Every structure is written in C-alpha cells, then in structure tokens.
Amino acid sequence: MSIRAEYVEAIERYGYTPTEARFLYLVATHSGYFTQRQFFDFAGVHRGGMGTRLTVKALEHGHIRTARLARHTLIYNLFARPFYESIEKDNLRNRRRLSDELIRTRLLILDFVLAHPDHPYLETEQEKVRYFHETLDLPLALLPHRTYKGTKSQSEPQRYFVDRFPIFLGRPEPGSNHSVPAFLYCDSAGNSLLGFVSYLENYQPLLRRLPAFEMVYAAPNGKNFHRAEGFFNRTSIPTPRVNTQHVCRYFSVRRLWESGQTSELTRTDRELLRDGDQRYQGHLFDQMYQDWVTKGLSPTEVNALINPSPERQKMAFKTHLLPESHDILDHISIDKNRNGIGTIRGNAHSTHGSARGSTSNTRQALESSGTRP
C-alpha cells in the first residue's frame, strides 16, 4: 500500500520516525490495537529499545493507552482523536475500547496487513461504499449494512461494512476496467466456523453480483482451511432464479399482516403469506424485507438482491497462515504457528451464478450431513 506522503509527514511532526509513522498509520487504519512484537516484525528488528521508544513517545503524546496486560504482553490501543484527525480518519471507530474477542481479531487483521502492506486497500467505510456503489454501480442495498436507531432522534442511520474486515483490490480481469476485489476474513474462533458462516451470510448479496472476486480465509493455524474451503464451495452452488413479483407481493401481504390490517387480506393473500413464510427464510430475506419497508425498494432493486448476475462469475478461495494466535487473551494456550507464515494457496474456480441468498439452508445441509461449521 502506498501511504500518502502527507499522512506520513503529519505523523512525523509528533516526533515519530518514518518507520514508526508508517506503522502507526497502518494500526490506525486497520486495527486500532497493536503489540510491540508486531512493531518489531514491521521494523525488521528482533528486540530492543526501538519498540520501547515508540511506545514511550506515543504514551507521552497521549496517543495510546494500555488496553490489556495479558501474559506479560502489553496490548496498546491507538485512541487519540487528534492523531486520527491528522490523517483525516477521525471517523474511524478503531479508537474505541473493544472486547477481548474483537481485540484479538483486530490483532490478526493487523498481522495480515503488516505482511501485505503494499495491497491497495479500501481503507474506510466511505472508500468501500464509493467503490462498490459508485465505481461498480451496485445498489446500496446489496452492501452489508446495519441500521442504528438514534437515542436522541428518530433517525436510523445506515452503516456499511461495520465488521471492519479488510478489502483490497487486485488486477482487473482481462477485458475489464475494474479491479478484482479481495475480501479478507480473519478467524480466531478455534474449531468453530460459525463466524465465517455469518460473514458469508452478510456479504452474499454483494458477492452474488460481482463478476469476479477473491475470498481470503486467514487463521493462525491451518486446521480449518479445508473445512472453510468446502463450506465456501457449497455456498457457491448456483440456485434457481426467484420470482421477483411473487416476493414483492409477499412483502406487501406480510406488512398488512404485521400492521394488524388483517381484514384486508383475502384467502388467497393468507395462502400466499403461509407459502412465503416457508419459502423466503434466512438472513437475506429478513434484511431485504426490512429494507423494503423502510426504504421502499423497487422491484428492480429486489431482483438485484435475490437473483445473481447471468454472467459467468469467477471466484477464487485462498488461505493465509497468520504468524500468531494471540492466545494471550485466552485462558488456555493455543499452539502458535511461527513457521510457514504467509503461506497462501488458492483454488480458483468459476461457476454460473453465485452464492446462495442465505447460508442458513447451507448450514442446515452441512449439519444434516455431519459437517458442522
């Protein structure tokens, strides 16, 4: 990643060296949390006063605070608003205190970024929305989002890509002017793949509409690599197209039912409601219904959400072995994998259509076959 010179210079004005400035920029942009070991790896040194000088300066400036002391390892949070303002990222929520689970995930994300600092990342929510909505001309409703209810007002703002997992751009496909986006998921959940399941579930409306993309599954050990790839492949099985008019009619009847206007429903309406309740299940349809009620989605927008592009889609699944498990936040130690870090393997494949509208059915299928996420 090419960090803009003015951002590095703005950080250097606090008295940081160029190496320290670049490191702190990556921390602020992608994680908000770091350890001295991560700085040592980035700076290419083993141990010594270099890491201590960084943390001493940052503490003196009030830029960092100690977030955790875990197994004699200090975890720092880069939280100062003036620092983020100096690099025009004062809206990032990386400054906030997080749970141990989220801190660990952020440290894993930073490990990946430090291993690939030259990737062209979409660094902020605004950059991600701009690329997918404006550059690729995809509806906002396709992007993973969450609605927040205001405590002091009636507004319900939408936030996009709230999970903060990195997205970076690769080379364009032949014949295309647009770069291929790569989606990174860092897994710290041990034996369970439910976090990855939920991630795919949230991103599927977007992934289904991309002509090409890569999925990178990163973890501190490789025991789940094969299972994660298998699950990703299962969710990529093409599905039959859905009747958009039937879905919109179901939404209309469902809203009448939920608003108590049952007297307006005919027997046919009630039969359609029962049929739709059975047919349209899962996160995708639930979220789409909420967006249809609050935003008034048009049939065209509904069709874009539930039916994949007819063009042939190119997908690639890759894995990355992270250098640390950051088990300092656990009560039970998990073996670290210092050897073979950065190992990436891919299994590119193409298919007509895209992933399912919801992984709920896929999850049930896996469980029924004895394969648990």
Side-chain angles (χ1 to χ4, degrees), residues 1-36 38-45 50-51 53-55 57-65 76-96 106-136 143 159-172 177-184 186 213-214 216 218 320 342:
M1 178 182 59
S2 179
I3 304 174
R4 289 168 53 179
E6 59 264 35
Y7 291 154
V8 176
E9 293 170 359
I11 300 174
E12 289 179 4
R13 293 191 190 103
Y14 289 109
Y16 297 110
T17 67
T19 299
E20 292 169 342
R22 291 194 297 273
F23 176 78
L24 291 176
Y25 179 88
L26 295 175
V27 171
T29 303
H30 297 282
S31 174
Y33 290 81
F34 71 95
T35 65
Q36 279 194 339
Q38 290 177 312
F39 177 66
F40 291 144
D41 288 350
F42 178 78
V45 298
M50 192 173 183
R53 287 193 294 271
L54 168 65
T55 53
K57 279 188 281 189
L59 287 168
E60 289 177 347
H61 289 305
H63 291 161
I64 66 173
R65 60 191 170 196
Y76 299 100
N77 176 213
L78 180 57
F79 77 100
R81 181 180 288 274
F83 183 94
Y84 284 82
E85 290 176 343
S86 68
I87 57 175
E88 299 180 327
K89 287 181 170 55
D90 47 305
N91 290 326
L92 284 180
R93 298 189 174 188
N94 292 342
R95 302 184 300 107
R96 297 185 174 184
R106 295 294 178 82
L107 293 176
L108 294 176
I109 289 174
L110 183 60
D111 278 338
F112 182 91
V113 172
L114 295 179
H116 305 88
D118 295 326
H119 283 344
Y121 294 93
L122 300 174
E123 296 180 340
T124 64
E125 174 187 351
Q126 291 74 21
E127 289 182 14
K128 293 174 182 177
V129 171
R130 188 181 307 119
Y131 180 76
F132 292 107
H133 179 53
E134 298 180 11
T135 302
L136 298 187
L143 310 185
R159 296 299 303 272
Y160 298 89
F161 302 97
V162 296
D163 54 70
R164 298 289 302 145
F165 282 113
I167 300 173
F168 56 92
L169 302 178
R171 295 180 179 178
N177 296 323
H178 301 306
S179 300
V180 175
F183 300 83
L184 170 69
C186 291
F213 71 90
E214 292 183 356
V216 181
H320 178 85

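The figures that follow rest on heavy atoms only: side chains count, while hydrogens, waters and symmetry mates do not. Computed from a prediction, not measured in an experiment: that's the story for all the values here. Throughout, numbering of the chain's residues begins at 1 and tracks the sequence.
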Residues two or more places apart in sequence or in another chain: which of them pass side-chain contact (heavy atoms from CB on, under 4.5 Å) with A43?
T19, F39, V45, M50

Please round to the nearest 0.5 Å and tell me the distance separating atom OH of Y84 and atom CG of N91.
12.0 Å

Smallest separation among heavy atoms of F83 and A28, with atom names
CE2-CB, 3.9 Å

Sequence-distant partners of D163, side-chain hydrogen bond (donor to acceptor under 3.5 Å, both in side chains), two or more places apart:
Y203

From the list F112, F168, F183, ring-ring contact (aromatic ring centres under 6.0 Å, His included) with Y121 holds only for F168

List in chain and number order the residues that pass side-chain contact (heavy atoms from CB on, under 4.5 Å) with T55, two or more places apart in sequence or in another chain; answer none if no residue qualifies.
F34, Q36, I64, Y76

Going from NZ on K57 to CG on L59, what distance comes out if it is rounded to the nearest 0.5 angstrom?
12.0 Å

Could you check I167 against F161 for side chain to side chain contact (heavy atoms under 4.5 Å, CB included), going step by step and ending with a plain yes or no?
CA-CA 10 Å; I167 300 173; F161 302 97; 3.8 Å; yes

Ring pair (Phe, Tyr, Trp, His ring centres under 6.0 Å) partners for Y7, two or more places apart:
Y25

With sequence neighbours excluded, residues passing side-chain contact (heavy atoms from CB on, under 4.5 Å) with R81:
E85, D90, R95

Only counting residues at least two apart or in another chain, list the ones meeting ring pair (Phe, Tyr, Trp, His ring centres under 6.0 Å) with H61.
Y14, Y16, H63

Minimum heavy-atom distance S86-A10, with the two atoms named
O-CB, 3.6 Å

Would R164 and R93 count as a side chain to side chain contact (heavy atoms under 4.5 Å, CB included) here? Give the steps.
CA-CA 9 Å; R164 298 289 302 145; R93 298 189 174 188; 5.9 Å; no

Can you tell me how far CD1 of I3 sits from CD1 of I11, rounded to the nearest 0.5 angstrom?
7.5 Å

Under the side-chain hydrogen bond (donor to acceptor under 3.5 Å, both in side chains) rule, collect the residues that match up with T17, sequence neighbours excluded.
E20

Which atom pairs, donor and acceptor, lie under 3.5 Å between side-chain atoms of residues 124-131 and protein residues at least two apart or in another chain?
from	atom 1	to	atom 2	distance (Å)
T124	OG1	E127	N	3.2
E125	OE1	R159	NE	2.8
E125	OE1	R159	NH2	2.7
E125	OE2	R159	NE	3.4
E125	OE2	Y160	N	3.0
E127	OE1	E123	N	2.8
K128	NZ	F165	O	3.1
Y131	OH	S179	O	2.8

Which pair of non-hydrogen atoms, one from N77 and one from G32, has the smallest distance, and what is that distance?
ND2-O, 2.9 Å

If I compare all heavy atoms of L107 with all of S31, which pair ends up nearest, and what's the gap?
N-OG, 4.2 Å

Taking side-chain hydrogen bond (donor to acceptor under 3.5 Å, both in side chains) as the definition, give me every residue that meets it alongside D111, ordered by chain and number, with sequence neighbours left out.
R37, Q38, H326

Nearest heavy-atom neighbours spanning A80 and G62:
CB-O, 3.3 Å

Would R65 and F79 count as a cation-pi pair here, with the cationic atom under 6.0 angstrom from the ring centre and within 45° of the axis?
yes

For a quick test of reading the model, state the closest non-hydrogen atom pair linking N94 to T29 and the distance between them.
ND2-O, 3.3 Å

My understanding is that only residues two or more places apart in sequence, or in another chain, count here; which of them pass salt bridge (charged side-chain N to carboxylate O under 4.0 Å, His left out) with E6?
R4

